[in-house]
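Reviewing the structure listed below.
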Amino acid sequence: MIFDSHAHYDDEAFNEDREQVIKELRENEIIGVLNCGASLEGARDSVKLSDKYDFFYAAVGIHPEFAHIINEDVIGELRSLAKNQKVRAIGEIGLDYHYEENPPREVQKKAFIKQMQLAEELNLPVVIHNREAHADTLEIIKQFPKVHGVVHCFSGSLEMARECIKLGYYIGFTGVVTFKNARKTVEVAREIPLDKMLLETDCPYMAPEPNRGKRNRSDYIEYIAEKIAEIRRDIPINVKNQTILNTKNLLKID
């Protein structure tokens with residue numbers, strides 16, 4: 001069994017065969033998927049998917065790539081979407097300093113803070129995107145001690161991971177942990193407690209070895225669980241069972 005704690009089945013990469021892929025996921029013992037909004041349209045579509053499929057849940061939020069659209073109307077729509085009982089988190093929100101074409105850093109930070117305020121207001125966890133913005137990400141999440149969540153596709157150091165865990169966050173592992181150059185991620189996977197880990201695909205992106213470069217999907221978490229078990233000298237079933245429990249605890253799913 002697998003719970004994919006971060007996916008994007010609303011992405012156009014699934015437009016031709018979305019229903020068939022989701023049917024196959026159910027057949028392959030995927031017991032849960034958190035579909036995360038990135039754009040406003042993605043947030044709306046995530047809710048639609050969660051309404052259509054009983055094992056799908058939704059996170060609604062605006063990715064830092066689209067931080068410039070955040071205003072009171074957008075926050076109001078996210079608040080409205082979050083009234084749906086299948087919406088279990090605010091996300092994917094955060095900071096991305098990697099791409100020069102992304103909105104200016106101050107715009108991103110304001111959008112991030114606005115959405116953290118919304119999560120605090122609604123008592124919902126957050127799904128945080130942090131790319132090359134470690135210090136600013138930590139500074140902002142420290143401003144909201146009542147808010148907890150997951151740092152998705154974790155790319156920071158072991159020290160940062162421990163700091164995030166102290167602040168009440170889980171650490172999300174994608175297919176990156178299977179890549180040959182993923183030394184930092186492997187160290188984090190080895191050293192942090194298993195009860196602070198989530199497994200995620202970020203599909204259709206980030207496919208793990210041996211499928212790197214292909215369209216990703218939730219059943220490929222099997223390779224992530226196997227790699228983490230190898231790193232920790234454990235067995236995959238223990239990794240999968242504990243991370244399912246962790247995901248359900250974070251999202252308040254019985």
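Inter-residue side-chain proximity for N35 and D45 is flagged as unmet; no heavy-atom pair is nearer than 4.5 Å. Taking the side chain as every heavy atom from C-beta outward, L118 and K114 never approach each other to under 4.5 Å. Side-chain contact between E222 and N28 is absent, with no heavy-atom pair separated by less than 4.5 Å. A heavy-atom distance below 4.5 Å is not found between the side chains of V239 and F173. In this structure, H63 and S39 have side chains that are not in contact, with every pair of non-hydrogen atoms separated by 4.5 Å or more.
For E101, the CD atom is densely surrounded, since the number of other residues' heavy atoms within 6.0 Å is greater than 12.
Less than 6.0 angstrom separates the ring centroid of F56 from the ring centroid of Y9.
A donor-acceptor contact shorter than 3.5 Å links the side chain of N216 to the backbone of T201. Listed for the N246 side chain is a donor-acceptor partner under 3.5 Å among the backbone atoms of L194. Formation of a donor-acceptor pair under 3.5 Å by the E226 side chain with backbone atoms of P236 is not found in this model. Formation of a donor-acceptor pair under 3.5 Å by the R88 side chain with backbone atoms of Q85 is found in this model. Checked by atom type and distance alone, the side chain of R217 never pairs as donor or acceptor with a backbone atom of C203 at under 3.5 Å. Checking side-chain atoms of D10 against main-chain N and O of S46 turns up no donor-acceptor pair under 3.5 Å. Listed for the K196 side chain is no donor-acceptor partner under 3.5 Å among the backbone atoms of I165.
Just one residue in the list V107, L95, V126 forms a side chain to side chain contact (heavy atoms under 4.5 Å, CB included) with F112, and that residue is L95. Of the options L251, L250, T174, T243, a side chain to side chain contact (heavy atoms under 4.5 Å, CB included) to L198 is made by L250 and by none of the others.
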Test Q115 against I75 for side-chain contact (heavy atoms from CB on, under 4.5 Å), laying out the working first.
CA-CA 7 Å; Q115 292 179 95; I75 293 295; 4.1 Å; yes

Starting from the C-alpha separation in whole Å, work towards a yes-or-no answer on side-chain contact (heavy atoms from CB on, under 4.5 Å) for F66 and V74.
CA-CA 11 Å; F66 305 107; V74 171; over 6 Å; no

Between R232 and E230, does a side-chain contact (heavy atoms from CB on, under 4.5 Å) hold up when you go through it step by step?
CA-CA 5 Å; R232 298 177 68 85; E230 175 192 320; over 6 Å; no

For side-chain contact (heavy atoms from CB on, under 4.5 Å), just list the numbers for I228 and V177, CA-CA rounded to whole Å, side-chain angles, deciding distance to a tenth of an Å, and then say yes or no.
CA-CA 8 Å; I228 289 176; V177 75; 4.3 Å; yes

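Hydrophobic clustering of Ile, Leu, Val, Met, Phe, Trp and Tyr side chains at less than 4.5 Å, counting indirect connections, keeps F3 apart from V151. A chain of hydrophobic side-chain contacts below 4.5 Å, direct or via other Ile, Leu, Val, Met, Phe, Trp or Tyr residues, connects I31 to V150. Both L158 and Y169 belong to a common hydrophobic cluster when Ile, Leu, Val, Met, Phe, Trp and Tyr are linked at side-chain heavy-atom distances under 4.5 angstrom.
Ionic pairing of K52 and E19 is present here: one or more N-O contacts between side-chain nitrogen and carboxylate oxygen are shorter than 4.0 angstrom. A salt bridge is defined here as a Lys NZ or Arg NE, NH1 or NH2 lying under 4.0 Å from an Asp or Glu carboxylate O, and K184 with E187 fails to meet this definition. Of the charged side-chain nitrogens involved, at least one lies within less than 4.0 Å of a carboxylate oxygen, so that K23 and E27 count as a salt-bridged pair. Classification of K227 and E209 as a salt-bridged pair fails, no side-chain N sitting under 4.0 Å from a carboxylate O. Residues R215 and D11 are not paired through a salt bridge, judged by the lack of any N-O separation under 4.0 Å between the basic side chain and the carboxylate. Using a 4.0 Å cut-off between a side-chain N of Lys or Arg and a carboxylate O of Asp or Glu, K109 and E139 do not qualify as a salt bridge.
Taken to the nearest 0.5 Å, the CZ atom of R212 stands 4.0 Å off from the CZ atom of F179. A distance of 12.5 Å separates CZ of R26 from OG of S218, quoted to the nearest 0.5 Å.
Residues C164 and I171 approach most closely at CB-CD1, 4.1 Å, considering heavy atoms. The two residues T178 and G175 make their nearest non-hydrogen contact at OG1-O, 2.7 Å. In terms of heavy atoms, G61 sits closest to A43 at N-CB, 4.1 Å. H148 and G168 make their closest contact through CB-O, 3.2 Å (heavy atoms, listed as atom of the first residue, atom of the second, distance).
Using cut-offs of 30° and 60° for the angle between ring planes, the H152 and H129 rings count as tilted. Y53 and F55 have perpendicular rings, their planes meeting at more than 60° on a 0 to 90° scale where under 30° would count as parallel.
Side-chain contact annotation: Y170 with N249, donor-acceptor N/O pair under 3.5 Å absent.
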